[in-house]
Structure formats: C-alpha cells, structure tokens
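See below for the structure under consideration.
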Amino acid sequence: MKSPLLTLPGAVPAEGVDEGVAAHYGDLFREQRALADGTGFVDLSHRGVVAVTGEDRLAWLHLLLTQHVSDLPAGRATEALILSANGHIEHALYLVDDGATVWAHVEPGTQEALIAYLESMKFFYRVEVADRTADTAVVHLPAGSIAEVPEGVVVRETPDGRDLFLPRADLEAYAAQAGPPAGILAHEALRVEQHRPRLGFETDHRTIPHELGWIGSAVHLQKGCYRGQETVARVQNLGKPPRRLVFLHLDGSEVHLPVAGTELRLADDGPGGRKIGFITTSARHHELGPVALALVKRNVALDAPLVAGDTAAAQEVVVEP
C-alpha cells in the first residue's frame with residue numbers, strides 16, 4: 001500500500017518493512033517533539049488490517065491468542081500474540097472490539113499469513129475473517145492529542161495514544177485537518193524510548209514472549225489452551241528466558257548509528273570479544289540522542305559496558321535477568 005500522503009510537502013519515503021509511508025517530512029526532531037507534545041499524527045496506512053465478525057468472535061479468538069479476550073469490553077484496547085507450537089512469536093495483533101467486530105492492525109505484509117492461519121482454525125465457530133487493508137488505513141494520534149475523530153471511526157485508545165481505523169478514502173481529507181504529519185522515523189524513535197518491542201524488529205525465529213517483556217501486556221498467564229502455552233508456562237514457572245531486551249544509550253560522538261543486526265560484545269573483552277547480543281532497532285531521539293533496543297544474553301551483567309560494532313553503549317534494564 002502506497003500512501004497518498006507521500007505527496008505532502010517534504011515527504012521522504014520510508015524503506016524496508018515500512019515502505020509505502022513517509023520516513024519523515026523534512027525535520028525528524030521537530031516531528032518527534034510534536035508527537036511528544038501530543039500534536040500531529042502518524043500515517044500508518046501501510047499496516048495490515050484484519051476484521052473478525054460473528055457472534056463467536058471473542059470466544060474463538062480467546063482460544064487462539066495469548067491474551068484473555070473472551071470478555072473483552074467494547075472499546076477496550078489490548079494486544080495479543082500468536083505463537084508457534086514451540087512458543088516462538090509468529091504474529092502480534094493490536095486489537096479493539098467495537099461491539100460487533102474485532103479490529104486488529106498488524107505488521108505490514110503479515111496479514112495474509114495471519115488470515116490463512118485463522119481460517120484454518122474456524123471449524124464450527126460462527127466467525128468470519130476479512131482482510132480490510134485495502135479499504136481501511138491506520139492513523140496514530142499521540143497521547144494528549146485533542147484532534148477530533150470522525151464519527152463512526154473505530155478507535156483503539158492506549159496510554160501511548162489512539163489508533164484510528166479510518167476509511168482509506170478519507171485519509172487525505174483527515175490529514176488536512178489533523179495537524180502536522182510526523183513520519184515513521186519519529187514514531188519509531190518514541191517507540192524505542194518507551195521500550196516497546198515490534199514484531200520483526202525485536203523478534204527473530206526463536207523469540208519467546210518473556211525475552212521482550214510481553215508477559216502481561218500481550219500474554220495473560222491465567223489462561224491456557226492456546227498454541228505455545230506450554231512453553232510460556234514452563235519458562236514462567238521453572239526457568240528463565242535465554243535472552244533479554246535492553247535499552248541502550250549509544251556514544252553520541254559517532255556519526256553513524258549501528259544498524260539492526262550489529263553485534264554487541266562486552267567492552268572489557270576488546271575487539272575480539274565474543275558476541276553477547278545484537279542491536280534490534282536504533283534511532284536518534286530528540287532529547288536522549290542516539291539510542292537503541294537490543295537483545296543480549298540473560299547472564300550479561302546489568303552494569304556491564306557494551307560495544308555495538310565500534311560504538312560504546314550503556315545499557316538500561318527492560319527485562320530483568
């Protein structure tokens with residue numbers, strides 16, 4: 001999906017997974033400050049949108065998702081995962097029920113695989129699953145925003161802001177009155193600051209929810225009967241995850257940010273030291289400077305100075321070892 005907002009003044013297209021929307025509109029730090037102040041909006045219209053209807057929708061999803069949704073009140077936002085049989089994260093869904101339909105936005109390009117899995121699990125349940133990406137655009141309003149929401153638009157409200165499931169045909173008109181646009185890079189910088197993991201960025205083929213701090217927010221420990229639940233319970237009750245998410249303050253004197261995948265090692269081990277983790281997302285923050293999220297081995301000392309490639313890094317705990 002290529003957003004029509006790429007025609008706005010100053011828009012620079014994003015690349016990679018976020019291709020289709022603007023990386024920025026000419027001033028990354030101004031856009032970050034606007035979002036932090038509760039003004040403007042972020043075009044997330046490249047994200048996949050899935051809708052589930054039918055009277056059994058909540059009971060059915062409750063059996064498939066890591067989150068407790070059987071009694072989800074209308075209008076209450078939540079997030080959930082779908083795991084493999086071994087407990088590895090396959091999908092992340094950001095949900096709200098409007099009283100008749102469960103709406104979810106997901107990572108760009110993942111909706112087809114998600115829908116294929118959901119369709120395979122329908123059995124006798126009275127549910128219908130639809131890909132609504134072509135006619136529905138996600139728009140994010142930051143926390144504190146007083147921007148008006150058009151009547152009839154489904155809203156997913158969280159402490160981090162509001163996600164609007166907006167008719168795609170109305171995207172340009174809404175953008176014209178919603179305040180200054182902010183690109184995906186500004187949105188990502190604030191996500192890193194808030195330590196919020198993202199599927200495909202902080203995850204790889206073997207990531208389990210405990211490593212990223214998704215227990216509680218996306219995984220409900222008092223429910224069972226979903227794929228991968230045995231791994232979740234075993235790690236929670238009997239062990240520790242092999243890796244943990246950390247927040248890194250990076251050396252601000254370096255010109256280039258270490259990119260995702262950059263190896264981390266202990267600073268005291270020197271250039272030939274063993275790999276103890278890797279960068280998952282890096283960003284330039286308007287107040288904190290260069291920062292990153294990373295996955296490190298669980299037993300790395302909490303106060304150990306690290307090196308990301310050639311860049312010095314100091315860690316803050318996100319997930320306790």
Side-chain angles (χ1 to χ4, degrees), residues 6 8-37 40 42-44 46 107-108 140 142 180-204 212 243-297 300-318:
L6 286 172
L8 292 178
V12 174
E15 299 178 346
V17 173
D18 291 320
E19 182 180 2
V21 296
H24 60 83
Y25 295 89
D27 192 336
L28 172 62
F29 290 156
R30 177 188 59 77
E31 294 165 31
Q32 283 187 42
R33 287 192 291 269
L35 292 179
D37 290 340
V42 184
D43 176 12
L44 298 179
H46 63 316
E107 287 299 323
H140 176 75
I184 194 71
L185 290 182
H187 188 258
E188 283 289 281
L190 298 185
R191 177 181 72 81
V192 171
E193 177 197 12
Q194 295 158 1
H195 308 164
R196 291 187 285 115
R198 183 177 173 188
L199 183 77
F201 287 66
E202 280 60 58
T203 68
D204 58 21
L212 303 183
R243 304 176 296 182
R244 58 184 178 87
L245 187 69
V246 296
F247 177 75
L248 299 178
H249 293 272
L250 303 171
D251 182 358
S253 65
E254 297 289 341
V255 175
H256 300 290
L257 282 173
V259 298
T262 300
E263 294 187 356
L264 288 169
R265 62 183 186 277
L266 298 174
D268 293 344
D269 288 351
R274 64 186 176 91
K275 175 183 173 181
I276 53 88
F278 58 94
I279 297 287
T280 59
T281 306
S282 58
R284 295 192 184 277
H285 191 273
H286 70 287
E287 290 183 338
L288 302 176
V291 293
L293 293 175
L295 278 174
V296 301
K297 293 183 177 180
V300 172
L302 301 181
D303 58 351
L306 307 178
V307 176
D310 297 323
T311 303
Q315 58 173 316
E316 285 185 13
V317 175
V318 177

Next item on the list: List for me each residue that meets side chain to side chain donor-acceptor pair (under 3.5 Å) alongside H195, sequence neighbours excluded, and say none if there are none.
Entry: none

Note to self: Could you work out, with side-chain contact (heavy atoms from CB on, under 4.5 Å) as the rule, every residue matching A314, not counting sequence neighbours?
What the structure shows: none

Next item on the list: Kindly give the heavy-atom pair with the smallest separation between A189 and H285, and that separation in Å.
Entry: O-CD2, 3.8 Å

Could you list the donor-acceptor pairs under 3.5 angstrom formed by side chains in residues 8-20, with sequence neighbours left out?
unit_1, atom_1, unit_2, atom_2, d
D18, OD1, H46, NE2, 2.8
D18, OD1, R198, NH2, 2.6
D18, OD2, R198, NH1, 3.1

Checklist line | By ring-ring contact (aromatic ring centres under 6.0 Å, His included) - contacts of H140 (at least two apart) | finding: H187

Next item on the list: To the nearest 0.5 angstrom, please state how far the OG1 atom of T203 sits from the CG atom of L245.
Entry: 11.5 Å

Note to self: Closer than 3.5 angstrom, by distance alone: can the side chain of E31 be matched with the main-chain N or O of A186 as a donor-acceptor pair?
What the structure shows: no

Check: What residues form a side chain to side chain donor-acceptor pair (under 3.5 Å) with D204, not counting sequence neighbours?
Finding: T207, R243

Checklist line | A301 backbone acceptor or donor facing Q315 side chain under 3.5 Å | finding: yes

Note to self: My understanding is that only residues two or more places apart in sequence, or in another chain, count here; which of them pass salt bridge (Lys or Arg N to Asp or Glu O under 4.0 Å) with R244?
What the structure shows: none

Only distances under 3.5 Å count here; give the side-chain donor-acceptor pairs of residues 272-281 to other protein atoms, sequence neighbours excluded, each with its distance to 0.1 Å.
unit_1, atom_1, unit_2, atom_2, d
T280, OG1, E202, OE2, 2.5
T280, OG1, L293, O, 2.9
T281, OG1, R191, NH2, 3.1
T281, OG1, E202, OE2, 2.6

Notebook entry, point to check: How far apart are the closest heavy atoms of P142 and L35, and which atoms are they?
Noted result: CB-O, 3.3 Å

Note to self: Quick check for you: to the nearest 0.5 Å, what is the distance between R284 atom CZ and L185 atom CG?
What the structure shows: 11.5 Å

Next item on the list: For residues T262 and G309, report the shortest heavy-atom separation together with the two atoms involved.
Entry: CG2-N, 3.4 Å

Margin query: Measuring from atom CG of L190 to atom CD of E287, what distance do you get when rounded to the nearest 0.5 angstrom?
Written below: 9.5 Å

Output a table of donor-acceptor pairs, distance under 3.5 Å, between side-chain atoms of residues 22-30 and any protein atom two or more places apart or on a different chain; print 'none' if there are none.
unit_1, atom_1, unit_2, atom_2, d
H24, ND1, G26, N, 3.0
D27, OD1, R30, N, 3.1

Checklist line | Minimum-distance pair of heavy atoms, taken over all atoms of S282 and P258 | finding: OG-O, 2.9 Å

Check: If we only count heavy atoms from C-beta on, is the I184 to L44 side-chain gap below 4.5 Å?
Finding: yes

Margin query: E316: which residues meet the side chain to side chain donor-acceptor pair (under 3.5 Å) condition with it, sequence neighbours left out?
Written below: H249

Item checked: For L250, the option from T311, L288, L306 that meets side chain to side chain contact (heavy atoms under 4.5 Å, CB included) -> T311

Notebook entry, point to check: What distance separates L295 CG from L264 CG, expressed to the nearest 0.5 Å?
Noted result: 9.5 Å

Check: Backbone N or O of V291 within a donor-acceptor pair of the E193 side chain at under 3.5 Å?
Finding: no

Notebook entry, point to check: Taking only residues two or more places apart in sequence or in another chain, which ones pass side-chain contact (heavy atoms from CB on, under 4.5 Å) with D269?
Noted result: L266

